Number of protein chains: 4
Amino acid sequence: MTDEAQRGGRPRDARVDAAILAATRRLLADVGYGALTMDLVAAHANVGKAAIYRRYAGKQDLVFAAAVHGRTLDPPPDSGDLRTDLRWLVGGVARSLSSPATRAAVPALIADITADDDIADRFLRTFVAEERAYVETILDRAARRGDLRTPADAEVVHSLVLGSIFARIYLLRRPADKAYQHEVTDLLTAMLQPR
Amino acid sequence: MTDEAQRGGRPRDARVDAAILAATRRLLADVGYGALTMDLVAAHANVGKAAIYRRYAGKQDLVFAAAVHGRTLDPPPDSGDLRTDLRWLVGGVARSLSSPATRAAVPALIADITADDDIADRFLRTFVAEERAYVETILDRAARRGDLRTPADAEVVHSLVLGSIFARIYLLRRPADKAYQHEVTDLLTAMLQPR
Amino acid sequence: MTDEAQRGGRPRDARVDAAILAATRRLLADVGYGALTMDLVAAHANVGKAAIYRRYAGKQDLVFAAAVHGRTLDPPPDSGDLRTDLRWLVGGVARSLSSPATRAAVPALIADITADDDIADRFLRTFVAEERAYVETILDRAARRGDLRTPADAEVVHSLVLGSIFARIYLLRRPADKAYQHEVTDLLTAMLQPR
Amino acid sequence: MTDEAQRGGRPRDARVDAAILAATRRLLADVGYGALTMDLVAAHANVGKAAIYRRYAGKQDLVFAAAVHGRTLDPPPDSGDLRTDLRWLVGGVARSLSSPATRAAVPALIADITADDDIADRFLRTFVAEERAYVETILDRAARRGDLRTPADAEVVHSLVLGSIFARIYLLRRPADKAYQHEVTDLLTAMLQPR
DNA sequence: CATTAACCGAGACGGTACGTCCCGTCTTATC
DNA sequence: GATAAGACGGGACGTACCGTCTCGGTTAATG
């Protein structure tokens, strides 16, 4: 839906794209997912509803695009130290889940992911795969340094990192602040390092 | 709302209670949370909508009751061994998140939790507090046995256990099966045990 | 649509029926057919849109009911004189086509009649058949009195009466006032009387 | 709007003019006024929407042009006989209201006439004034021949002729065929002739 | 045993958001 | 400057669901 071909005729206006996403993010932060209405987005973006539906299949699609876009991590810098690498990872995940728009959107998105395989696939490819690859990179580096107790499954480690921060914010409803990040990093380091 | 007093008059029909919950669970598993309509529940339970609203404050309340009620863990048996205690904990959490009705309900419930502080409090008290207490119990026992590397924060450990399994099922969309439970248990044991 | 059976449950509220029709008639007269919106009717009637759609299949159906209901003529009194009978007929038709709500609704209704056979049938049975029967009654009386030049087809005479007044108001856009009614009555009398 | 000046540049393509009108007439006959969409006309004519709006002010203007243009009567031949003149008039009006495209367009046009004074004026001048002049001509001739009972108002007679045929087709929904035309002509002749 | 209060199924109620459709205008690149 | 294509702002449509209310009728505990 987001990226369709276009033969002739008037091209899509990039300013409209931007206005829609900006309005969506602002409204997510201001009024939350539940009170975010397509008419409201259209009004705030000074845009017709049709312009939104031309770009996104529906509310879920729009919110997914607005909340997820640009939330990807930078590639992990090689610090030469497992603890530092993990701190970077934990910090990055915490940051990407903590912005106001994301905080408002993610829970409803999780619900949609469970209900709609299309969005699920997109979410897995966009979000999850990248993070998982970074976990793998960090584990490989540590293994090459002899810094790893035993070969750990990257997917399981990823579920520990992503899941603990997700649970902290969305289930326990407490901030994933520096102190929390530090504690989790320590525990993960202890879990993975030899001795 | 779920358990209000009732002075005189005709008492509530227990068969209606059962029919409502059964229909809700069946529909959660069959059509999911989004397509679960109060009218649909009423129709499938051969019940008037008022009978549902007499018992539950709304859709969220109903689904919470149908999906979560009775999902609490047994108190943790004292196995005298940290690894065994953790295996029991991981298995219990995985089981409580894996039933079809729960799988359909939890994501939407998370969304509601974020939007509604009332239901959030209930969720935290019902679900989270109990699990957290069990984590604390397990950690205390291990500490008394000298089986713990260092005093770990129960809340953080809880977020690791709950979060990793939640992420496995609802974010990565893979089963939290025995193999996965085993791996997580091993990693948590390594994380917490001395040496 | 307008008159469906109803087994159990809460019965339709007659005040809602009345409020919908009153609001529709008022809005027809005030803003015209084009600016008459279902949401506007609902708002003015303090009624939900669903309450309207439960009663009427759409805007056409609603306007038809609001504009046509109660517009039927009284049975023709037997004056013993063809000219007087015709004057009553012409006056009645002119009156029924001249009210503000009717003036606003009829043209659009004609358009709908052409497009939708269901509404056409209803219109023919409700409106046309009655008028035609009255024409027939008047012609029969005149014939029995020997007051008729030659047996005239009631349907053709009806098309002359109804059509001329309709054309006067809606095509030539001039009022079907007393003077016009008098002239038409004279011509029709001349047309039908012997000599 | 229909005939504006055009200074320089590329002249309008006459094939486009024809394609637009042909598509409009075909669609009027096939799907009716309500389902006739500007996009649909453009698509069927293989033409851009702008090409239509460059020629016509809107849907009403287009349909008016497509359905009404060229529908004007020839001037009434002087037959020297009132009945023959009336037969010609009745036949001409019936013919001009009976073509499929006209049948689909006229009712909606009536609705627009009521709502929009601009189009009403155009309609009155184009259509009505001409017919009325012809009625006047016929009456004048008859009067000069002494063939008229009494000086009848041309406008009223016009409303009788136009209205009866209009009602026959659009309100009673029966064909204005030869038999009907004959009857109406007879009645009108009786109405106007002396004795 | 009669009363009474709360129950019951059914479904109408006000309200609100949805996603679709069409209008008439505007913006491309092409001829 | 006309053309085909199609995006644009605006706005009404008819549908669906929520949570409340109303109807006629039923069922147990109280007086």
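Please read all numbers here as calculations on a predicted model, not as lab measurements. Proteins come first, then strands; the chains are lettered A, B, ... in the order of their sequence lines, and each starts at number 1.
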According to a strict under-4.0 Å criterion, is [X] in side-chain N/O contact with OP1 or OP2 of [N]?
X	N	answer
B:R54	E:dC8	yes
B:R12	F:dA29	no
A:R10	E:dA29	no
C:R15	F:dT22	no

Select base, sugar-phosphate, or nothing to describe what [X] touches, counting heavy atoms under 4.0 Å on all strands.
X	result
D:K49	base
D:L36	sugar-phosphate
D:L62	nothing

How far does [atom1] of [X] sit from [atom2] of [Y], to the nearest 0.5 angstrom?
X	Y	atom1	atom2	value
A:D61	A:I52	CG	CD1	12.0 Å
D:D39	D:K49	CG	NZ	4.0 Å
D:L36	D:R25	CG	CZ	12.5 Å
D:D117	D:L124	CG	CG	9.5 Å

I need the [atom1]-[atom2] distance between [X] and [N], as an integer number of Å.
X	N	atom1	atom2	value
D:Y33	E:dC22	OH	P	14 Å
C:K59	F:dC13	NZ	P	5 Å
D:Q60	E:dG24	CD	P	7 Å
A:N46	F:dG11	CG	P	12 Å
A:M38	F:dG10	CE	P	16 Å
D:Y53	F:dA2	OH	P	18 Å
A:H44	F:dG10	NE2	P	13 Å
D:I52	E:dC23	CD1	C1'	12 Å

C:V47 vs A:A35, nearer the 5' end of DNA chain E by closest nucleotide
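The residue closer to the strand's 5' end, by nearest nucleotide, is C:V47.
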Identify, between C:D17 and B:G48, the residue whose nearest nucleotide on DNA chain E lies closer to the 5' end.
B:G48
With salt bridge (charged side-chain N to carboxylate O under 4.0 Å, His left out) as the test, would you mind laying out the steps for D:D112 and D:K59 before giving the verdict?
CA-CA 10 Å; D:D112 292 339; D:K59 182 175 174 179; over 6 Å; no
Considering only side-chain heavy atoms of A:D39, which listed nucleotide, E:dC18, F:dC13, F:dT3, is closest?
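Nearest listed nucleotide: E:dC18.
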If you check the D:A50 side chain, which of F:dA5, E:dG9, E:dT20 turns out closest?
F:dA5
First encountered from the 5' end of DNA chain F, between C:G58 and A:A42
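Closest to the 5' end, via its nearest nucleotide, is A:A42.
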On DNA chain F, compare the nucleotides closest to B:G34 and A:D13; which residue's is nearer the 5' end?
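That would be A:D13.
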Heavy-atom side-chain contact between B:I20 and B:V47 under 4.5 Å
yes
